[in-house]
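The next block holds one structure in the form of C-alpha cells; read it before the comments.
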Amino acid sequence: MSSRASRIPDRSIRICADRGGTFCDVHASYPDPENPNERKEMVVKLLSQDPGNYQDAPTEGIRRVLEAVTGEKIPRGSILETEKIDYIRLSTTVATNALLERKGHKHALLITKGFKDLLLIGNQSRPKIFDLNIRRPAPLYSTVVEVDERVTLVGYTSDPKAEEHAVQFDENGKVVRGYRGKGWDGVGDAEGPGEIVQGLSGEAVRIMKKPDPNVVEKDLQKLYDEGYRSIAIVLVHSYTFPDHERLVGSIARKVGFTHVSESAQLLPMIKMVPRGVSSTADAYLTPILRDYLDGFFSGFDEKLRDGKLRSPRVEFMGSDGGLLDANNFSGLKSILSGPAGGVVGYALTSWDEKEKHPIIGLDVGGTSTDVSRYDGRYEVVYETTTAGVTIQSPQLDINTVAAGGGSCLTFRNGLFLAGPESAGAQPGPTCYRKGGPLAVTDANLLLGRLIPDYFPKIFGKSEKEPLDVEASKAAFEKLAEEINREQDKKLSLDEIVYGFIKVANETMCRPIRALTEARGHATSKHTLASFGGAGGQHACEIARLLGIKTILIHRYSSILSAYGLALADRAYELQEPSSTFYTQQNVPTLKARLDKMTSEVQTELKKQGFEDSRIHVERMLNMRFEGTDTALMVLPTEKDGDGKEDFEAAFKRVYKAEFGFLLDTKSIIVDDIKVRGIGKTFDTLGESVYAEVARLQTQKVDHEAKVETRYSVYFDKVGRVDDTPVFLLDKLEVGDVVEGPAMIIDDTQTIVVVPDAKAILTSKHLFITLE
C-alpha cells in the first residue's frame, strides 16, 4: 500500500456516477490526505460506451477515482477493492434505452380469462388524431396465458347515498348486511354464488372463481420449458384483492421463474390497463437492469456484493428523485434515473427559500435535452407515456426532446433539421474521429464555441486525441454546397452552421413552453438553471428566446446529474387502494390509515439510519370527482379548522388549476392513500446564490491578467468576433464580472457569454444576467 493510500481512511471515499447516453460522469469526494478534516472533490468524465477500452463506464470511472485518490496503479479489468469506499451512488439509462430501443427481456403475461387482448386494445387513445397511418406500438410481452379466475366488485361499503348497491362489514371484515334492489338482509344465496370478502380498498369483493393451482402450474411449466424466465401477472381487481396474484406468483417462483411482476404488489392502484402495462414494463426491463447490475457488481470485491458484510452502500437514483437500495430498485423505477439526478442537483443548488424564484432546469446532454420545473417542491406525475408505453409510476415531471450535442444535422426538403436521430457515443459526432455523422457538437466546434485545446482529449483509437476540426469543416462544406444549390441566396458557411444551432435552440425551447406557458406560468418570470455537457453553449440564446433574464450555471453543471446524486435524499413510500367517498364520516378513518402508514414509513427510515429530525413525511390522497376517471394525487398545504391537512380544499385548488373548473355538485372519491418518507442526507447547502450575489463586492475582470487566450467565435447578429476573450473558470475569482462576448472554460464545460450579457462568479455558480 502506498503512503498516500495509507492516509485515506477506510469507508471515506464517496462516489457518484451518472451513466448517460453519450458520457458517463463521475463525482467523488474524499478526505484531504494533508488535512483529514477537509474533503477534496474530483471529477471524471468518460464515454458511456468504448468497448475497445473498457466494458463498463461507471466501473472504469470508479477505477480511475480509486487510482487517483490512493496513488496506486490499478490495471484495467482487475477486481476493485472497496475497503476505502463509503458509498457508491448510481443513475443509469440502461432500462430507459432498453424501452426506447425495444431491447428488453422476453416475458409472458398472465391475465384473467377473457381479458387476453386487454393490453393490446389499451385505452384507445389517439395521440395523433389526424394521422392517416396509425401505427400502434407492439405490446412488450411475447405471449399471453389466461388464468381461469374471476372476482367482481359488489359495491362501496362507505357511501352514505348508495345503500341500494352496498355491502356492510363488521370490524373483522365479515359481511353483516347487504342491499339489492328494494332491499334484503343477509348476503349469500340471494346474491348468487361466491364468497364475499372485504378488499384492501374497503370495497366488497365477490370471489366467483378461484384459480386451480394444478392448472396454473402446468401452464407455467410449459412457459418455463419454452425458455421464459420472466412473467407479469395482471388479474382483474387485484389492486383490492391480491390473493389470486400472490398464489400464481408463488407457483411461478416454485417452477423457477427468476422474475415475477405481480401488478398488485408493484402498483396497488385502480385501472387495470395502466397497471397491467406497468407490470409488463417491469417484467420487460427489470431483468435487463439486473443483468447490468450483476455485471457492475462483478467488477468489485465480495464486500460490495455481500450485504452481510460491512460493505459500502450502493444506492440508485429512482425516477421520483429519491435514492433506493438495490433490493428496491427496478426497471419501472429507473425510467428517469439519469435525468432525476440533474433535477435534484439544480433544485437544491438554485432554490432560494426567501426569494422563491421558480426555476426551469435545462439539461442539454449528448443525446437529448431534459427540461423540468422547480417551485419549492419536485413536480411529480403518476402516469407517463414513454416510447408508446403508458406507465403508472411516480416520476419527476421531466419533458425530453431529442436535441442535444449529439443530435444529427441534416438538410431535407429545404429544411434544416437537428435530431431526432443521435450520433450517441459510438460513433459520436464527426469530430469524435470515429466516422460519425454531423451533429450539434460539430456546429459549435466550427462556430468557435468549443476549443479543441481545452476540450477533453479522449478521442480516437488511443483515447488521447483532440476533437477533429478539419473533419467537421469538410463535412459542413459538403453539406453547404448541397444547401446552396437549392437556395436563391447563397449562404456563408457560418450562416449555414449557425442556422442549425438556431433550429436546435428552438427545439429545446418547445418543452420549456409546454411546462410553463401551457400550464399558466409566465416563462419570463423564471430563472434558467442550465447544466449538462452542452448546456453552457446554448443557455444564453435559449434564455433570450424565452424572455428569461437570469441564468444560473453551477461549477459542476456539466456533471450535475452525478453531483445531484451526492445531494439526494433516501426515499421510501407506501401506497394502498381506498375507493372511499371523502365525507365527514370517513375523514377520521382516512386519517387513521394515513397515520398508520406514516408510522410504518418512519420506522423503515429509522432502520436505514435516519434520526427523527432527518425524516420528512408527505401524506397524499389520490382524489377524483364521482363520475370522472381522472384522479389527482394531492399533497395539501391548506389546513382545516383543527389545524390538520385539508385535502378537500387542496384537491379543489389543484383540480381548478389543472382543468379550469370545478364539479361542485359531485361527491369526491379517494382512490388511493399514499405516504412518502424522505430521509434527509444533509442539513443545509449554505447561503443561496441570490443572497451571495446581493452581498458580493464585484469587480470587472482584469483582461490583461486573466484572459487565457483569444479565439474567433460566431455570435448571432454581430457575426464573428475574432478576438473573443477566453477565461479559465479556475483562474477567475469570486466577484469577478465577465461581460460578453466571452467564453468561460473549465475541464468539462464551455460557457458562451453572448454580447449584452454579464456573468458574475460566485463561490459555486456563474450568475449570468441578460439585458
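Remember, it's a predicted structure, so these values are computed and weren't measured experimentally. Residues: numbered from 1 along the sequence shown.
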Counting N and O atoms only, with roles assigned by atom type, does the side chain of [X] sit under 3.5 Å from a partner on the main chain of [Y], one being a donor and the other an acceptor?
{"X": "Ser530", "Y": "Ile553", "value": "no"}
{"X": "Ser350", "Y": "Ala529", "value": "no"}
{"X": "Arg11", "Y": "Glu83", "value": "yes"}
{"X": "Ser337", "Y": "Ser334", "value": "no"}
{"X": "Lys333", "Y": "Gln395", "value": "no"}
{"X": "Thr286", "Y": "Asp282", "value": "yes"}
{"X": "Asp301", "Y": "Thr82", "value": "yes"}

When you check the side-chain N and O atoms of [X] and [Y], is any donor under 3.5 Å from an acceptor?
{"X": "Gln608", "Y": "Arg570", "result": "yes"}
{"X": "Arg229", "Y": "Thr258", "result": "no"}
{"X": "Gln749", "Y": "Ser557", "result": "yes"}

Is the shortest distance from a Lys or Arg side-chain nitrogen in [X] or [Y] to a carboxylate oxygen in the other one below 4.0 Å?
{"X": "Asp569", "Y": "Arg614", "result": "no"}
{"X": "Arg433", "Y": "Asp468", "result": "yes"}
{"X": "Glu67", "Y": "Arg64", "result": "no"}
{"X": "Glu315", "Y": "Arg14", "result": "no"}

Distance from [X] atom [atom1] to [Y] atom [atom2], nearest 0.5 Å?
{"X": "Ile512", "Y": "Ile360", "atom1": "CD1", "atom2": "CD1", "result": "5.5 Å"}
{"X": "Gln265", "Y": "Ile233", "atom1": "CD", "atom2": "CD1", "result": "9.5 Å"}
{"X": "Asn399", "Y": "Met508", "atom1": "CG", "atom2": "CE", "result": "14.5 Å"}
{"X": "Ser91", "Y": "Asp25", "atom1": "OG", "atom2": "CG", "result": "8.5 Å"}
{"X": "Ile62", "Y": "Ile85", "atom1": "CD1", "atom2": "CD1", "result": "6.0 Å"}
{"X": "His538", "Y": "Thr507", "atom1": "NE2", "atom2": "OG1", "result": "11.0 Å"}

Self-check item: side-chain hydrogen bond (donor to acceptor under 3.5 Å, both in side chains) between His105 and Asp291, worked out
Solution: CA-CA 10 Å; His105 199 279; Asp291 287 346; 5.3 Å; no

Quiz item: Mind checking whether His27 and Tyr556 have ring centres under 6.0 Å apart?
Solution: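 Yes, ring centres under 6.0 Å apart.
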
Self-check item: Within the 6.0 Å centroid threshold, strictly below: Tyr228 and Tyr224
Solution: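 Ring centroids of Tyr228 and Tyr224 are no less than 6.0 Å from each other.
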
Quiz item: Parallel, tilted or perpendicular: which fits the ring planes of His554 and Tyr563, with parallel below 30° and perpendicular above 60°?
Solution: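 Tilted.
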
Please find the pair of heavy atoms, one from [X] and one from [Y], that lie closest to each other, and give the distance.
{"X": "Ala138", "Y": "Arg102", "value": "O-NH1, 2.7 Å"}
{"X": "Ser407", "Y": "Ala418", "value": "CB-C, 4.3 Å"}
{"X": "Ser472", "Y": "Cys431", "value": "OG-CB, 3.3 Å"}
{"X": "Pro429", "Y": "Gly406", "value": "CG-CA, 4.4 Å"}
{"X": "Ile398", "Y": "Pro339", "value": "CD1-CB, 3.7 Å"}
{"X": "Ala283", "Y": "Ser230", "value": "O-OG, 2.9 Å"}

Side chains of [X] and [Y]: closer than 4.5 Å at any heavy-atom pair?
{"X": "Ile231", "Y": "Tyr141", "value": "no"}
{"X": "Phe296", "Y": "Asp56", "value": "yes"}
{"X": "Phe300", "Y": "Arg63", "value": "no"}
{"X": "Tyr284", "Y": "Pro139", "value": "no"}
{"X": "Val343", "Y": "Tyr378", "value": "yes"}
{"X": "Asp320", "Y": "Arg676", "value": "yes"}
{"X": "Asp363", "Y": "Ser561", "value": "yes"}
{"X": "Phe316", "Y": "Leu323", "value": "no"}

Practice problem: Show your reasoning for whether side chain to side chain contact (heavy atoms under 4.5 Å, CB included) applies to Ile13 and Asp86. | Solution: CA-CA 5 Å; Ile13 305 174; Asp86 178 16; over 6 Å; no

Quiz prompt | From CA spacing to verdict: side-chain hydrogen bond (donor to acceptor under 3.5 Å, both in side chains), Ser263, Arg275 | solution = CA-CA 6 Å; Ser263 72; Arg275 176 163 51 87; 2.8 Å; yes

Quiz item: Given the rule in the side chain to side chain contact (heavy atoms under 4.5 Å, CB included) test, do Val234 and Leu110 qualify, once you have shown the distances and angles that lead to the verdict?
Solution: CA-CA 6 Å; Val234 184; Leu110 274 72; over 6 Å; no

Quiz item: What do the steps show when you test Asn53 against Leu46 for side chain to side chain contact (heavy atoms under 4.5 Å, CB included), and what is the final call?
Solution: CA-CA 11 Å; Asn53 292 291; Leu46 63 161; over 6 Å; no

Quiz item: Above 12 or not: heavy atoms from other molecules or residues under 6.0 Å from CD of Gln55?
Solution: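 Counting other residues, nucleotides and ligands, CD of Gln55 stays at 12 neighbours or fewer.
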
Quiz prompt | Face-on cation placement of Arg290 at Tyr292 ring, 6.0 Å and 45° thresholds | solution =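 Geometry flag: not set, cation outside 6.0 Å or 45°.
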
Practice problem: Evaluate side-chain hydrogen bond (donor to acceptor under 3.5 Å, both in side chains) for Arg39 paired with Ser29, printing each intermediate quantity in order. | Solution: CA-CA 6 Å; Arg39 295 189 70 84; Ser29 71; 3.2 Å; yes

Quiz item: By side-chain hydrogen bond (donor to acceptor under 3.5 Å, both in side chains), which residues pair with Glu38, not counting sequence neighbours?
Solution: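 Per chain and number, Glu38 pairs via side-chain hydrogen bond (donor to acceptor under 3.5 Å, both in side chains) with Asn35.
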
Exercise. Go through the steps for Val260 and Arg253 under the test side chain to side chain contact (heavy atoms under 4.5 Å, CB included), then give the verdict.
Key: CA-CA 7 Å; Val260 179; Arg253 293 181 184 94; 3.8 Å; yes

